[in-house]
Peer 1: 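Here's a structure for you.
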Amino acid sequence: MPELPEVETVVRGLQETVTGREITSVKVFRDTPIAPLNPKTFEKRLAGRSIQSVTRRAKYLVFQFDPGLYLLAHLRMTGKFIVSPLISKPEKHHRVWFFLDKDIVMVFDDMRCFGTLELIESLTDCNKLRLLGVEPLSSSLTVPYLKKCIAHSSSNIKNLLLNQTKIAGIGNIYASEILFDAQISPLRQGCQLKAKELRKVIDSTQKILTTAIQKNGTSISDFRRIDEQTGEFQNFLNVYGKAEQPCPRCSVPIQRIVQQQRSSFYCASCQQ
DNA sequence: AGCGGAACCTGTCGGC
DNA sequence: TGCCGACAGGTTCCGC
């Protein structure tokens with residue numbers, strides 16, 4: 001499911017509802033997300049902890065507890081956090097329940113079991129976080145930075161946008177939408193883009209991601225906010241999932257192609 | 001160093 | 001109706 005705007009939507013929801021709350025107990029229904037940690041160990045280490053803060057880094061959610069303990073969560077394709085009143089029976093894809101004070105449950109739900117929940121003691125020592133590239137909405141995303149990233153790469157620009165070690169947070173939907181906005185073909189080799197085009201890629205990236213956050217993310221099938229409401233950005237997509245439909249800019253049919261085993265959608269006429 | 005491809009899981013949808 | 005393949009918002013590992 002979720003790319004940066006969806007994770008940001010979830011984090012903002014959790015900040016309002018679970019920050020400052022105590023985890024009274026934890027129940028693991030399936031250990032895939034917490035493996036290789038043992039469920040009992042996971043449950044024990046979190047019981048009695050207070051959630052000091054919930055933040056986002058790229059597509060990761062970071063829950064901070066008392067000094068030196070963090071829960072690093074990744075939703076992958078179908079992971080969800082849902083905050084609800086106490087419930088008696090887990091639903092089919094509920095993987096972990098976090099019981100909070102004031103009779104609230106934070107549910108980790110994940111149909112495909114790709115999502116991960118990892119306990120870490122330091123953010124700076126965590127390899128997964130250390131290897132991430134710049135935040136696309138930060139001032140670190142600049143033309144010189146992009147130039148350096150692509151200088152010795154033969155990859156196409158679509159794949160570069162998806163490379164989390166360079167820019168961290170863009171996924172398959174927004175990569176297509178960004179390149180449509182920038183009027184650049186996903187097939188272009190990154191290292192052949194001129195400075196002016198890199199500037200357009202950056203501007204479009206920030207424009208699309210900011211708007212998507214304002215619309216609470218994109219719900220095509222699975223993504224839901226923590227109260228199970230959908231996002232609204234799916235109503236503003238220009239090309240993703242729109243194969244054969246007329247380009248909103250020039251009316252030529254949108255094409256679907258496969259790059260690096262994933263769908264790309266673009267207009268072969270107005271994206272050069 | 002960096003690339004492509006397979007793997008991890010479960011579900012849905014379309015074609016035959 | 002049932003079976004089969006393609007496809008799904010992501011990352012990681014392995015071999016070249």
Peer 1: Just checking A/T32: base, sugar-phosphate only, or nothing, at a heavy-atom cut-off of under 4.0 Å?
Peer 2: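 If one applies the 4.0 Å heavy-atom cut-off, A/T32 turns out to touch nothing in the nucleic acid.
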
Peer 1: To the nearest angstrom, how far is A/M111 atom CE from C/dG10 atom C1'?
Peer 2: 13 Å

Peer 1: Can you name the closest pair of heavy atoms from A/L160 and A/K166 and give their distance?
Peer 2: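 Closest approach of A/L160 to A/K166, heavy atoms only: CD2-CD, 4.2 Å.
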
Peer 1: Would you call A/F223 stacked on C/dG9, i.e. ring centres under 5.5 Å apart with the planes less than 30° off parallel?
Peer 2: no

Peer 1: Taking the basic N atoms (NZ, or NE/NH1/NH2) and the acidic carboxylate oxygens, is any pair closer than 4.0 Å for A/E244 and A/R256?
Peer 2: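 Looking at A/R256 together with A/E244, the answer is no, because their closest N to O distance does not fall below 4.0 Å.
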
Peer 1: In whole Å, I'd like the distance from the CD atom of A/E6 to the P atom of C/dG9.
Peer 2: 12 Å

Peer 1: What is the distance, rounded to the nearest whole Å, between atom CG of A/L4 and atom C1' of C/dG9?
Peer 2: 13 Å

Peer 1: Which nucleotides of nucleotides 11-16 of chain C have their base under 4.0 Å from a protein heavy atom (B), which only their sugar-phosphate (S), and which neither (-), written as one string 5' to 3'?
Peer 2: SS----

Peer 1: For chain A and DNA chain B, what are the first and last nucleotides along the strand, 5' to 3', with at least one atom under 4.0 angstrom from a heavy atom of the protein chain?
Peer 2: B/dC3 to B/dG11

Peer 1: Before accepting this row, confirm whether a basic side-chain N of the pair A/R225/A/E232 lies closer than 4.0 Å to the acidic partner's carboxylate O.
Peer 2: yes

Peer 1: Find the distance A/N172:CG to C/dC7:P and express it as a whole number of Å.
Peer 2: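 Rounding to the nearest Å, CG of A/N172 and P of C/dC7 are 13 Å apart.
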
Peer 1: Please report the distance separating the P of C/dG5 from the corresponding atom of B/dA6, rounded so that it comes out in whole Å.
Peer 2: 15 Å

Peer 1: Rounded to whole angstrom units, what separation is found between the CG atom of A/L161 and the P atom of C/dG10?
Peer 2: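 After rounding, the gap between these two atoms is 12 Å.
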
Peer 1: Starting at the 5' end of DNA chain B, which residue's closest nucleotide do you reach first, A/Q261 or A/R112?
Peer 2: A/Q261

Peer 1: Roughly, in whole Å, what's the span from CD in A/E177 to P in C/dG9?
Peer 2: 13 Å

Peer 1: Quantified in whole Å, what is the P atom distance between nucleotide C/dT11 and nucleotide B/dG11?
Peer 2: 22 Å

Peer 1: Using 4.0 Å as the upper bound for N to carboxylate O, is an ion pair formed by A/D203 and A/K207?
Peer 2: no

Peer 1: Between the side chains of A/R12 and A/E16, is the shortest nitrogen-to-carboxylate-oxygen separation below 4.0 Å, so that they form an ion pair?
Peer 2: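 Answer for the salt bridge query: no.
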
Peer 1: Assess whether a salt bridge exists between A/E197 and A/K200, defined as any Lys/Arg side-chain N lying under 4.0 Å from an Asp/Glu carboxylate O.
Peer 2: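 Looking at A/K200 together with A/E197, the answer is no, because their closest N to O distance does not fall below 4.0 Å.
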
Peer 1: Can A/T124 and A/S122 be counted as having a side-chain donor-acceptor contact under 3.5 angstrom?
Peer 2: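 Result is yes, a qualifying pair exists.
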
Peer 1: Reckon A/S155 touches a base, only the sugar-phosphate, or nothing at all at heavy-atom distances under 4.0 Å?
Peer 2: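 Sugar-phosphate: the residue A/S155, judged by heavy atoms under 4.0 Å, touches backbone atoms but no base.
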
Peer 1: Regarding A/K80 and A/D110, does a basic nitrogen lie under 4.0 Å from an acidic carboxylate oxygen?
Peer 2: no

Peer 1: A/F265 has an atom CZ; how far is it from atom C1' of C/dA8, in whole Å?
Peer 2: 11 Å

Peer 1: May I ask you to evaluate whether A/Y240 reaches the phosphate of C/dG9, defined as a side-chain N or O under 4.0 Å from OP1 or OP2?
Peer 2: yes

Peer 1: Distance-only, no hydrogens or angles: does the A/N38 side chain make a donor-acceptor pair with backbone N or O of A/T41 under 3.5 Å?
Peer 2: yes

Peer 1: Sort out the partner of C/dG9 for me: Watson-Crick or G-U wobble, both distances under 3.5 Å, none otherwise.
Peer 2: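 Looking at the geometry, C/dG9 pairs with no nucleotide.
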
Peer 1: So, A/N235 and A/K215: side-chain donor and acceptor under 3.5 Å apart, yes or no?
Peer 2: no

Peer 1: Which whole-number value in Å describes the distance from A/K80 NZ to C/dG10 P?
Peer 2: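 The answer, rounded to whole Å, is 15 Å.
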
